[in-house]
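What follows is a short report on a single structure.
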Protein chains: 4
Amino acid sequence: MEFKDKQSIYLQIADFICEQILLAKWPPGGRISSVRDLAGELEVNPNTVMRTYEFLQSKDIVFNKRGIGYFAAENAVDLILIYRKERFLENELPEVFKTLYLLKIDISEFQSRYEHFLSKTDPSTH
Amino acid sequence: MEFKDKQSIYLQIADFICEQILLAKWPPGGRISSVRDLAGELEVNPNTVMRTYEFLQSKDIVFNKRGIGYFAAENAVDLILIYRKERFLENELPEVFKTLYLLKIDISEFQSRYEHFLSKTDPSTH
Amino acid sequence: MEFKDKQSIYLQIADFICEQILLAKWPPGGRISSVRDLAGELEVNPNTVMRTYEFLQSKDIVFNKRGIGYFAAENAVDLILIYRKERFLENELPEVFKTLYLLKIDISEFQSRYEHFLSKTDPSTH
Amino acid sequence: MEFKDKQSIYLQIADFICEQILLAKWPPGGRISSVRDLAGELEVNPNTVMRTYEFLQSKDIVFNKRGIGYFAAENAVDLILIYRKERFLENELPEVFKTLYLLKIDISEFQSRYEHFLSKTDPSTH
DNA sequence: GTGGTCTAGACCACC
DNA sequence: GTGGTCTAGACCACA
């Protein structure tokens, strides 16, 4: 996994984990990778993964069983959707709207670009 | 002016200045606020504004007349449009698409929210 | 049985066993639950119960007959009282006093809460 | 400052800071020690203090001004009182009551010990 | 094996 | 100067 510079690695890992859960690759209630395993897989320091897990635990998206490991919460999908939707609608979307407006990008151009994106990502919809 | 945590203050100020120019509130070729004035107005350290001006100068959007002050470039609007459009299409838009997809936000919901945004921002279009 | 995060599980089980003995639910000199049974009942790993028994054995509160099982010591009640009283007066009480002082909780409030606690726990005193 | 073994250092530092604020030694709204300074003073690693500050920030007890430092929140005293009172009433007090009951410690003995504690801590009340 | 904490030291962006 | 992040490596308690 490659990381971007603009955001801290441990938050990028958090987003990655949330996506795995949203896409049902990691089942709610199930055990998730151990700190050391995930660190090895992503080629980062275990402390960095630890930070990610602490962050997600503070949001109740994952929880810990002592000596056993971390687990995705049963309602993890809902919590992630709430958390990301809030972040998106409150912070990101207004910025996008402002930029569309300032750059005079038409909604139809936006739409056609989105359809192009979809056709690459999720061919099943076509 | 309030600043967000996720992005550095000097870049947020740079965006603010670009918007003023795009919206024709600060005319191309005209003198822009002095470092000291703008710092006082935005309640930030003058060094921070200085950094913003240096950043914009490196992009040729503003220039400096020694001892007099900073001025918006004649072609500032074009430069800003190029700069922001590139940033938007390359970096921001893919993220937005991914989020729309993950959160299952429909394009029609996006569109109606955008129209609502427009009606608040620019009543002249209605 | 639910366990708290702040203290290790095997010590919480030790306290649980001591309470059973103090409350005369497990008679001194009598056989106590097998490691396997108690582990099943509390839904923990047998190793964890094993550790509890070893800990209590090191304090002479329980002892082991090889091949038969664990037994509460004849003088278990006295030992537990000495052990817990020491821990309480030396460690816990000073912390409680400090908190009462910092939070400005009056002794009368403390007392009324204690009476409420007693009326729930041990109705025979009323 | 000396630390106990049973609780992690960064949480002990958090309690220490809260006490400073409760005792009005660190004024609400005022700047608190920088990460490095406090680390040097307490003779711990800066990362450890950093963790404390992150923890307190997550509870809104302190906040950060970028590049300037950490500040105690204006309503820090209230937040600390709420936080500690909740922790005390929900977790610690029931344990104390149970112990008083199990060890058959009389409330009058508790009270006299508390008065002795007060006379050492806060002579002004006598 | 699991997580949790701490240290040491580095580098960075930012004010 | 400030905080923020990351790495490396160590040690510990716990299951």
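Naming: A, B, ... by sequence-line order, numbering from 1 per chain. Heavy-atom basis, side chains included; hydrogens, waters and symmetry copies ignored.
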N/O contacts under 3.5 Å, protein versus nucleotides 11-15 of chain F?
unit_1: dC14(F); atom_1: OP1; unit_2: Ser8(C); atom_2: OG; d: 2.8

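Look at CG on Leu38(A): it is 10 Å from P on dG3(E), rounded to the nearest Å. Atom CZ in Phe63(D) sits roughly 13 Å away from atom P in dG3(F) (whole-Å rounding). Across the protein-nucleic acid pair, Ile32(A) atom CD1 and dG3(E) atom C1' stand 12 Å apart, rounded to whole Å. Here the C1' atom of nucleotide dC15(E) and the CZ atom of Arg31(D) are 12 Å apart, to the nearest Å. In this structure, the CG atom of Asp37(A) is 13 Å from the C1' atom of dG3(E), given to the nearest Å. The distance between atom OH of Tyr70(D) and atom C1' of dG1(F), rounded to the nearest whole Å, is 16 Å. Rounding to whole angstrom units, CG of residue Asn64(A) and C1' of dT2(E) are separated by 9 Å.
Lys4(A) is linked by a side-chain hydrogen bond (donor to acceptor under 3.5 Å, both in side chains) to Glu95(B), counting only residues two or more places apart in sequence or in another chain. Glu19(B) pairs by the side-chain hydrogen bond (donor to acceptor under 3.5 Å, both in side chains) definition with Lys98(A), not counting sequence neighbours. Residues forming a side chain to side chain contact (heavy atoms under 4.5 Å, CB included) with Asp15(A) (at least two apart in sequence, or on another chain): Gln7(A), Arg84(A), Arg87(A). Arg51(A) is linked by a side-chain hydrogen bond (donor to acceptor under 3.5 Å, both in side chains) to Glu54(D), counting only residues two or more places apart in sequence or in another chain. For Gln57(C), the side-chain hydrogen bond (donor to acceptor under 3.5 Å, both in side chains) test picks out no residue, with sequence neighbours left out.
Ring pair Phe71(A)/Phe63(A) is parallel by interplanar angle, where below 30° counts as parallel and above 60° as perpendicular.
Residue pairs meeting the salt bridge (Lys or Arg N to Asp or Glu O under 4.0 Å) criterion with at least one member in residues 24-45 of chain A, sequence neighbours excluded, do not occur. Evaluation of the salt bridge (Lys or Arg N to Asp or Glu O under 4.0 Å) test over residues 62-73 of chain C, restricted to residues two or more places apart or in two chains, returns none.
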Study note, to complete from the structure: Output field dot_bracket for DNA chain E (Watson-Crick or G-U, both distances under 3.5 Å, | for other-strand pairs) contains ||||||||||||||.
